[in-house]
Amino acid sequence: MAILVDEKTRVVIQGATGNQGRFHLAQMLAYGTRVAAGVSPGKGGQEVEGVPVYDTVEQAVLHHGVNASVIFVPAPFCKDAAFEAIDAGLGVVVIITEHIPVHDAMDIMAFARQRGTVVVGPNTFGVISPGKAKLGIMPAQAYAPGPVGIVARSGTLSYEIAAALTAAGLGQSTVVGLGGDRVAGLNFVEVLKRFEEDQATQAVVLVGEIGGTAEEEAAEYIKGMSKPAVAYVAGRSAPPGKRMGHAGAIIERGRGTFEGKVRALEAAGVRVATLPWEVAGLVEEVLSGGGPAGETGPETPLDGE
Amino acid sequence: MAILVDEKTRVVIQGATGNQGRFHLAQMLAYGTRVAAGVSPGKGGQEVEGVPVYDTVEQAVLHHGVNASVIFVPAPFCKDAAFEAIDAGLGVVVIITEHIPVHDAMDIMAFARQRGTVVVGPNTFGVISPGKAKLGIMPAQAYAPGPVGIVARSGTLSYEIAAALTAAGLGQSTVVGLGGDRVAGLNFVEVLKRFEEDQATQAVVLVGEIGGTAEEEAAEYIKGMSKPAVAYVAGRSAPPGKRMGHAGAIIERGRGTFEGKVRALEAAGVRVATLPWEVAGLVEEVLSGGGPAGETGPETPLDGE
Amino acid sequence: MKLYEHMAKEVFGRQGIPVPPGRVVTTAEEAADAARELGEVAVKVQILAGGRGKAGGIRFASTPEEAGRVAEELLGTEVRGLVVDRLLVEKKLAIDREFYLGIAVDGAARRPVVIASTQGGVNIEEVPEKLLVRQTVDPTWGLMPYRSRQVARRLDLEGSEARQFSQILVRLFAIFRSLDAELVEINPLALLEDGRLVAADGRLNVDDDALSRHPDLPRVEEGTETERRAREAGLSYVELDGDIAVMANGAGITMATLDIIQHYGGRPANFLDAGGGAGVEPMARAIEILLSRSPRALLINIFGGITRCDDVARAILKVADARGGIEVPLVIRLVGTNEEEGLALLKERGFEAYRTMEEAARRVVAAAAAGNGGDDSGHTRR
Amino acid sequence: MKLYEHMAKEVFGRQGIPVPPGRVVTTAEEAADAARELGEVAVKVQILAGGRGKAGGIRFASTPEEAGRVAEELLGTEVRGLVVDRLLVEKKLAIDREFYLGIAVDGAARRPVVIASTQGGVNIEEVPEKLLVRQTVDPTWGLMPYRSRQVARRLDLEGSEARQFSQILVRLFAIFRSLDAELVEINPLALLEDGRLVAADGRLNVDDDALSRHPDLPRVEEGTETERRAREAGLSYVELDGDIAVMANGAGITMATLDIIQHYGGRPANFLDAGGGAGVEPMARAIEILLSRSPRALLINIFGGITRCDDVARAILKVADARGGIEVPLVIRLVGTNEEEGLALLKERGFEAYRTMEEAARRVVAAAAAGNGGDDSGHTRR
């Protein structure tokens, strides 16, 4: 078991003939991911690493029954590519591309919601279910199969933490990158819900950072979760940020700070690491029954189902 | 029983303070329709015929639980009014206004579909379930309660036919005006489906006209209906119309003519009247077991449930 | 409102759809000048009707002199019943293949529909269904590039052709939406010998109901003088070739009235829908317009809903007063809202009215055949 | 990209949102001229920061002479740390009440959000929640007039105020969408004594990632000289006030690196994210930029994913070659993709690298404190 992607996921790579697309298509194939097709407008009929390339996602669905996409196309064309994938009925669309205009991102999310498609990203490292499927650009050697679900806003920091868990013998069920942009598809809560329902996941690690209110919302949800959670939040030393005008301040209304996030998480029973390399130790503790620190923790057994 | 609207329907009139809105609000009230509120931006706080007027549909829903709207606002503002009604979650939106730009109509229908709202019209006389509720501008004296469902594209012609039925002692379950515009909400098939399921309806009358392919699509559906159908189609004498360029001809591909429509309806077992005043006689026949003419008629008993 | 080819192409060009270089001319001299600038040219009559090629409305010229001569021959003639008062002189294209590309409103789908074929040109209406690509477009998000690539793919276009086609389709859809078009059409969309795709013809019909949103578009009048007068009065009026003038209220009932007249052997002179609750003034105007065409008889068929029978009566009396009587046999059928008042007003002045369409239709057909409405109107023919 | 108030107001005015008459000036004479034209005026410093009123950046003048004097006093000064090089001279408004109206991106809702209050002005951030109206807007269909009427209704606006407010909101939303804004804000939206609603201030921040779609917008540079150089090199760089320069790859890891340095008692000099798989050249540029600020020590923390460790090593060696050595203590932590190659390249030239963040962070803090990186770098301080 895993969430979002597994060994049955049939993947199409959009932007398969570009430098990034070509390189990571090969890496995903090498990992064992079922990459069935590539799409690059105007390049239909070519092959990349033996994988057939089409002009449209529609054809990749028709000929290969693909049900997930990883998008590498340049930012100006990304909205079109994402709409194409969503319109083609794919279940999961992972957008690696960064610097997508935020209004394009809002449009993509509105359309995905209308169609019931799960979007991961943009500006994400992707999703990996170790040993099963890798849809993204993360370094494969940092991961191993196991009971820990990781959900992170940032890439390299989560590689670091995953690698430390792996080194400590704590493999992962699935690792999900939400992406670094303000408007993204999946959020913490939506991923945590899936981990809560996933039999293979016994504990979750949340890698957050300052800004926005996603961690606070995650904390709300975690209060009702049966599985233990560990978190690390980056940005403690950041100076009071450059504000987005009054509207930004009004939206967040005092939330979004490091202290606020840590307080909310701890109040929800999450063990919050002060330094990134302490995460592995905390996960070990909660898996061996150390349990959550807060008073609002779950009443069900802590080491899963 | 009836379809779409009945004595429980709670109605809001949009454009209630205009000439048309004011006049027909009074007429609908007089008929016994539960007109609970009016909406006219900037006129909130006024009353029309003792019915309170609000600035927004949202307020009419909040204060009166309205679930259907009749729109009389001028064409340039109609898209906004229809979106407001749909967004407020009303189940039925009747658009009386004519001359709505066709692109606005397409937008309205797309939004209504996303939200699951039934739109009647635009450019319709409305919907009446005789003795229960009247949402529209039809002359009340033409109708009486009874077993015949009428669905029509045009107003006056259907008043004529309804009045003849009423005079012949054949009352109506519900009479629905689809509206005269190319892009409309409900179509023949959607109304026929409702009549087929409605216990109070024992026979249906379809009042069509040349152009478009709605009558042909209706004929397809009628093939599987259990209830008998009578039709009148206007436009037999019309000269070959001014065509909408090649695209129009390609869309219809030889359908849309008087002969094509009559042929399709007769093939589906529909009794087609040559002259409007023959409709009542044909309805009498089918209700007394005369049955449909075609070989593809239904196998279930003809005089309904 | 239909735009002339040259206007449609101007819009296309502004939106980045390739069109041939050309100039609109109204004299032979201008045509020759244009050809001097453009080289070998096509000279195309600008009329609001299709099929002008087959009707001799498109000619070619190799020299300025020939262009002038051809223009001379075309200007002032009638092509498909329409007087030619302007020509489009265009650089002649070296066409390899002709595609078809159109966007229209699909009433059944309640959406725009793209129709395309690689077998375009004059016989597009006979192209077999399997060579046509139809794709309705959800107006919610418009036609995004991927959809146009799907259309190109289904047409089996590749490489540069697919790329050009997709770009043209995206732009054509933007025009369709932003200008409230009922129809935009490029036929043929010409694939030139040098590999470029060019709009060799252009059609753009704008929704009359949305014209007020487009003050910058040129205004093009269509129809006969009488049809224009009727349109200005807010009436829906079409001339037919019979001799019985008809006014009714509502498109369906008007159509049905014509059908019934024909059923009884008469020939309707027009379609005039005075529906939608018109008042005395517009209805009087309508009757005046009908009489101005000198029919053999006039039928007024009203089932009053929003339309009030007393208003109808007043309109009739107003016209009778203004003209000193109605000069042709007038048959009236009047029922519905305020029926009693209307009938009383008419009776006072000697007009009778029927209660059923059947009687009224039979009577007007008989009156037209006899050249006399007799005892109904109480008025003599002119 | 933030636009200056006067630029935002120009955009507003073009879209039909009422703004006070005014002129941008850069000299006292121009200010006096403007006042001669406008009468009593407000003189407002144009800086890319809020709170300028409280900081003395808004002054009033009754006469042209006073306007010139006030301009003289303001130009060239610093307000909120920013040099004043232009002023907006505006007709002074007779304000009755101050509203707030803003549209921003709500990341949690993934939608635009309208925020409005009838209690606007300088203290908007302290307005209690119940006096704020928030309404997210589905971008699918945009903000249609009925939605703006709902907002007006919730603010308890009536009559002319409601009408003006609704129209301004619809237009402001159109600006927000069409210009790819991250934020548009009118604070205060002034209700004048004569009943008109006017945008007394204006803010418009455009999404940097969408700037290429808006070639007509003015370009406004922000930040220090070094920050601009970094931005031009495609680097995400922010100056801080410590003395340990940091380069890492990825926003999260960079932030975490700063946290860790601080945790061990050090003070980071900057945030520099060289993530996203930067190659040798940009990374070398990044290191040059960091060294140009003369830090006491430099930490390079790389966990290679897309970023390749051998590229990082080459970038370091390239800078060392160009400068004849790295002049401050350099601490390297290098693991991940092509780690072996990278470490080998560094070792060849006498650079050592750590495998864990912990060791590296402790070391760089110690080095900065000692003013010497010691045996790690093999290089001497300048």
Side-chain angles (χ1 to χ4, degrees), chain B residues 20 75-76 98-107 109-111 113-114 125 137-139 141-142 152-160 163 180-185 187 207 209-210 212-214 217 232 234-239 242-251 253 274-277, chain C residues 50 100 102-108 110-113 115 124-125 127 129 132 134 138-140 177 180-183 185 187 203 205 207-210 212-213 240-241 248-253 255-256 258-263 268 271 275-277 303-307 335-337 356-358:
Chain B
Q20 289 278 319
E98 57 182 349
H99 294 301
I100 294 180
V102 69
H103 284 258
D104 288 3
M106 291 192 286
D107 289 345
M109 302 319 154
F111 188 50
R113 186 174 168 175
Q114 283 166 20
F125 59 86
I137 59 172
M138 62 293 280
Q141 69 276 13
R153 278 168 78 174
S154 48
T156 312
L157 180 56
S158 77
Y159 306 164
E160 186 95 38
D181 288 1
R182 194 138 29 103
V183 170
N187 62 26
V207 183
E209 61 189 48
I210 53 168
T213 59
E217 286 150 22
Y232 175 76
R236 183 169 37 145
S237 67
K242 303 187 170 185
R243 282 186 151 170
M244 282 282 297
H246 290 299
I250 296 170
I251 292 175
R253 284 260 154 172
T274 306
L275 295 164
W277 50 84
Chain C
Y100 173 89
I103 308 174
V105 174
D106 185 335
R110 307 179 187 94
R111 288 180 170 193
V113 58
I115 300 174
I124 180 66
E125 291 181 44
V127 164
E129 193 63 33
L132 287 177
R134 295 159 188 269
D138 185 340
T140 312
R177 286 289 280 177
D180 278 297
E182 294 184 318
L183 171 77
E185 197 172 68
N187 186 32
R203 194 183 280 244
N205 299 358
D207 181 3
D208 286 331
D209 290 332
S212 63
R213 299 203 277 224
L240 304 174
D241 55 6
N249 63 326
I253 192 83
M255 246 192 282
L258 307 188
D259 294 350
I260 294 161
I261 287 174
Q262 185 161 303
H263 181 78
F271 171 103
F303 186 106
I306 336 182
T307 304
V335 295
T337 311
T356 72
M357 284 171 79
E358 186 172 4

Chemist: Measure distances from Gln262(C) to the heavy atoms of chain B and classify the residue's part below 4.5 Å as side chain, backbone, both or neither.
Modeler: side chain
Chemist: State whether the side chain of Thr156(B) and the backbone N or O of Asn249(C) hold a donor-acceptor pair below 3.5 Å, judged by distance alone.
Modeler: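 Looks like yes, one N/O pair under 3.5 Å.
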Chemist: Measure distances from Asp180(C) to the heavy atoms of chain B and classify the residue's part below 4.5 Å as side chain, backbone, both or neither.
Modeler: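 For Asp180(C), backbone and side chain are both near chain B.
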Chemist: Please classify the contact between Arg236(B) and chain C as side chain, backbone, both or neither, with a heavy-atom cut-off of under 4.5 Å.
Modeler: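 Its backbone and side chain both get close to chain C.
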Chemist: Under 4.5 Å from any heavy atom of chain B, what part of Leu240(C) do you find: side chain, backbone, both or neither?
Modeler: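 Side chain only.
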Chemist: Do you know which of Ala181(C), Gly305(C), Gly50(C) has the most heavy-atom pairs under 4.5 Å to chain B?
Modeler: Ala181(C)
Chemist: Is a side-chain donor or acceptor of Asp106(C) paired with a backbone partner of Ala108(C) at a separation under 3.5 angstrom?
Modeler: yes
Chemist: Answer with side chain, backbone, both or neither: which region of Met109(B) has an atom nearer than 4.5 Å to a non-hydrogen atom of chain C?
Modeler: side chain
Chemist: Return the orientation label for the Phe303(C) and Tyr159(B) ring planes: parallel under 30°, perpendicular over 60°, tilted otherwise.
Modeler: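 Tilted: the ring planes of Phe303(C) and Tyr159(B) meet at 30° to 60°.
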Chemist: Just how far is it from atom CE of Met106(B) to atom CZ of Arg182(B), taken to the nearest 0.5 Å?
Modeler: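 One gets 8.5 Å once the value is rounded to the nearest 0.5 Å.
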Chemist: What distance separates Asp107(B) CG from Thr140(C) OG1, expressed to the nearest 0.5 Å?
Modeler: 7.5 Å
Chemist: Side chain, backbone, both or neither: which part of Asp207(C) has a heavy atom under 4.5 Å from chain B?
Modeler: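 The side chain, not the backbone.
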Chemist: Which atoms of Ser237(B) come close to chain C, meaning under 4.5 Å heavy atom to heavy atom: side chain ones, backbone ones, both, or neither?
Modeler: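 When you check distances to chain C, atoms from both the backbone and side chain of Ser237(B) fall under 4.5 Å.
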Chemist: Quick one: closest heavy-atom pair of Pro101(B) and Arg213(C), and the distance?
Modeler: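 In this case the closest contact between Pro101(B) and Arg213(C) is CB-NH2, 3.2 Å.
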Chemist: Can any side-chain N or O of Thr337(C) pair as donor or acceptor with the backbone N or O of Gly304(C) at less than 3.5 Å?
Modeler: yes
Chemist: Who among Ile100(B), Val207(B), Leu275(B), Thr274(B) has the most heavy-atom pairs with chain C under 4.5 Å?
Modeler: Leu275(B)
Chemist: Do you know which of Glu217(B), Glu160(B), Gln141(B), Arg113(B) has the most heavy-atom pairs under 4.5 Å to chain C?
Modeler: Glu160(B)
Chemist: Which bit of Phe125(B) comes within less than 4.5 Å of chain C, counting heavy atoms only: side chain, backbone, both or neither?
Modeler: neither
Chemist: Hey, which of Ile137(B), Asn187(B), Leu157(B) has the most heavy atom pairs under 4.5 Å with chain C?
Modeler: Leu157(B)
Chemist: Would you indicate whether the side-chain heavy atoms of Arg134(C) and Glu129(C) approach each other to under 4.5 Å?
Modeler: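 Glu129(C) vs Arg134(C): side chains touch.
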Chemist: For the backbone of Ala110(B) and the side chain of Arg110(C), can you confirm whether one donor and one acceptor N or O come within less than 3.5 Å of each other?
Modeler: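 Answer holds: no.
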Chemist: With a 4.5 angstrom heavy-atom cut-off, could you sort out which part of Ala163(B) is near chain C: side chain, backbone, both or neither?
Modeler: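 Contact with chain C: side chain only.
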